[in-house]
Amino acid sequence: MNWKSWYLNMEINKAKYRFSDTKCSSCSMIGVWRAAGYNDKSVIIFHSPKACAHVTRELDVSSFYYDLARGCGQRSRGILLASNLQDQHSIFGGEEQLFACIEYAAKQYQPEYIMIANSCVAGIIGDDTKKVAEMAEEQVGIPVLTVPCYGFLDKNPYYAGYYYAAYALIDRFMTAKPKNKNKVTLIGDISEITHHELARYLQYFNLEIGGCFPSGLSLDKIKQIPASAFIITVGGKVGKTEHLWRIANLLATRFSLSVLQDAFPVGLANTAKWLGTIGEFLDQPELAVQAIEREKCYLDAGSTVFRKNLYHNHTAIIIGRSLEFFNPEWLFEIIVYANLRVDSIIILNVVAEKERDQLMEAIKRYTDAPIYLEKDFSAEFTALDFVLTTHELKKNSVKQFIIPVFPPYGSNGILRSLQQLSELKQRKNHIGRSICGTF
Amino acid sequence: MKKIAVYGKGGIGKSTTAANVSAALAEQNYKICQIGCDPKNDSTRLLLGKICPSTVLDCVKKYGDDILLEQILHYGYLDIKCAEAGGPEPGVGCAGRGIIVALEKLKELNAVNECDYILYDVLGDVVCGGFAVPIREGYASEIYIVSSGELMSLYAANNIAKGIQRFANRGRVRLGGIIGNSRNIKNEKALLEEFTKQINSNLIAFIPRDEVVNQAEIHRKTVIEYAPDTPAAGVYRQLAQKIASNSDLTIPKPLSFDELEKLVFEYGNK
């Protein structure tokens with residue numbers, strides 16, 4: 001295949017992979033829903049027009065089926081209601097409407113608590129949600145929690161909603177408890193597979209996960225979090241974990257809990273570092289050494305077939321993301337571990353000029369392969385087995401491994417990526433030429 | 001049909017001026033409609049002899065979309081059509097959005113058909129987009145600003161001029177002039193004349209302070225109705241005449257706050 005002719009056709013699927021400079025593009029209500037909507041016997045009320053809840057529901061369903069297709073899938077257990085603000089409420093205020101919605105929720109679902117998330121409309125017209133919640137709580141006899149966020153009106157709205165929902169749960173339901181030295185609390189928004197992976201690691205230290213706060217817990221489990229031996233921040237997004245740290249630090253301050261938040265177990269080196277940190281923290285470094293060794297064996301044993309299949313395969317790397325959304329360490333660990341040959345690296349024009357140099361410097365730490373800017377690229381290449389790309393390429397016959405924004409955790413994450421690459425290589429062209437590198 | 005909006009600082013006398021202009025025009029057999037765009041709901045009080053019994057937004061709240069014109073349109077002195085947009089209770093909801101909805105509803109119901117003059121009496125300053133709707137959406141094409149010679153009143157007038165300037169560039173709205181409503185400030189008329197000149201407009205009338213205006217107001221009447229033969233009534237009739245024949249409409253050039261302060265200082269110290 002003529003690389004140049006392939007490359008000249010390299011129109012990226014911008015609609016599917018768009019990353020903006022803004023910190024987040026979801027509103028605070030979705031943050032509240034992700035934080036508390038997966039909890040048992042909770043009702044989340046969006047003080048908003050009906051459409052906001054509808055969009056959230058659609059997002060949730062898509063996310064569920066996406067996960068389900070990958071062998072997991074956590075369904076929301078809470079109930080989502082909207083107070084159904086309409087034009088007249090934007091004029092006269094929506095407090096009565098919200099009160100009626102809380103009464104309905106309490107009567108219909110008998111939840112353990114109700115949490116209210118405010119929309120932009122509620123923020124602009126200045127509805128006093130907190131006052132309504134206090135009055136309604138007195139009336140219905142169920143805790144009614146609020147968050148001081150208003151749709152898109154806050155800075156980094158999704159994270160603000162997520163943090164304040166967690167804050168409300170901590171503030172309202174948690175009290176100091178005697179510590180259980182075997183229980184660990186995770187802080188973050190992680191998949192079921194990641195949860196299992198971390199549980200497996202913690203077993204090396206005779207620890208078990210008490211819960212992953214704030215999402216997916218019953219009220220009883222939420223109340224037990226102060227009894228944890230310590231807490232670990234996990235999940236979150238590349239460079240976007242501040243809200244998780246704030247939650248962890250709040251718990252640490254209020255309930256004298258220690259926090260581990262140094263690294264995520266993504267890739268070989270970081271998984272070893274993560275295990276080492278836990279060993280050090282528990283003052284049992286020997287357990288960490290054993291765990292690291294066993295994980296290495298586990299990985300080597302599990303990857304033999306894939307590595308054989310991928311040995312000296314030719315690839316190119318195409319990058320269209322800044323370092324905030326691209327983790328070169330993880331990618332090059334996979335490349336080295338699988339013994340892939342990188343023929344070239346192309347940085348797409350979508351990477352902002354000011355971020356290109358930084359990105360190139362970071363890549364050079366891992367490889368001697370030539371790096372080209374898309375606009376300057378003119379070389380010709382022979383056949384490639386597949387490309388590793390951050391952006392799906394349109395109209396190309398080359399097989400593509402889409403580099404995930406958030407690489408999968410742990411040894412099983414690496415195994416999964418190797419398996420995907422191996423499958424991709426063996427795929428017949430008519431089956432499908434791209435595979436997404438997430439769990 | 002001439003479509004006019006009256007703006008100005010809160011409490012400066014917009015409603016009194018608008019109601020007297022409406023009454024003076026109605027005396028000349030023109031068909032008039034006055035629309036109050038203020039949640040306080042008191043623009044048409046002097047024409048109706050009482051507070052408007054049902055506002056547009058009262059009816060929107062009560063009946064939703066099924067509103068009849070007779071529920072929101074009231075008839076006052078000399079059969080002047082009166083409507084009040086209304087709005088939420090103080091401290092609740094969004095009055096600006098209310099104005100938008102109310103004006104749309106009046107338009108939908110053809111409330112102002114067959115009128116020679118429509119007067120929109122708009123709340124205080126242009127505090128948000130809702131209160132700019134009469135300027136912005138083509139409801140009014142001539143804007144009159146009521147102002148005294150007090151600094152804050154001129155400040156509000158200057159801000160309103162900024163709003164007009166913004167929307168004038170994309171539509172037909174123009175500033176008809178400044179209506180001086182005296183507060184007995186030193187060199188007030190001269191100051192207002194200079195201010196209007198500097199913002200590229202005219203002082204279309206200067207209404208001297210007169211106790212009869214207050215007397216008429218406490219009797220729930222316009223001066224035109226309460227004391228038709230007084231000099232004050234004459235001033236309002238003259239103003240109405242000038243508005244009717246005014247063709248000197250301009251795009252204003254607002255001042256900076258420093259320029260405004262300097263002007264007020266200069267005339268206040270003369």
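Labels below follow one simple rule: chain letters A, B, ... track the order of the sequence lines, proteins then strands, and each chain is numbered from 1. Excluded from the calculations below are hydrogen atoms, water molecules and symmetry mates; all remaining heavy atoms, backbone and side chain alike, are included.
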- Message: Does B/Arg183 have more than 12 heavy atoms from other residues, nucleotides or ligands lying within 6.0 Å of its CZ?
- Response: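 Yes, the 6.0 Å shell around CZ holds more than 12 heavy atoms from other groups.
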- Task: Give a yes or no on this: more than 12 heavy atoms of other residues, nucleotides or ligands lie within 6.0 Å of atom NZ of B/Lys2.
- Result: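 Yes.
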- Message: Do A/Ile91 and B/Cys94 have side chains that approach each other closer than 4.5 Å (heavy atoms only, starting at C-beta)?
- Response: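 A side-chain contact is absent here, since even the closest heavy-atom pair is not under 4.5 Å.
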Which side chain or backbone donor-acceptor pairs connect chain B with chain A at less than 3.5 Å?
unit_1, atom_1, unit_2, atom_2, d
B/Cys94, N, A/Ser90, O, 3.1
B/Cys94, N, A/Ile91, O, 3.0
B/Arg97, NE, A/Asp87, OD1, 2.8
B/Arg97, NH2, A/Asp87, OD1, 3.0
B/Arg97, NH2, A/Asp87, OD2, 2.9

- Over all atoms of both residues, closest heavy-atom pair of B/Val92 and A/Phe92: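 Heavy atoms of B/Val92 and A/Phe92 come nearest at CG1-O, 3.1 Å.
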- Query: Side chain, backbone, both or neither: which part of B/Leu57 has a heavy atom under 4.5 Å from chain A?
  - Reply: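 For B/Leu57, heavy atoms of backbone and side chain both lie under 4.5 Å from chain A.
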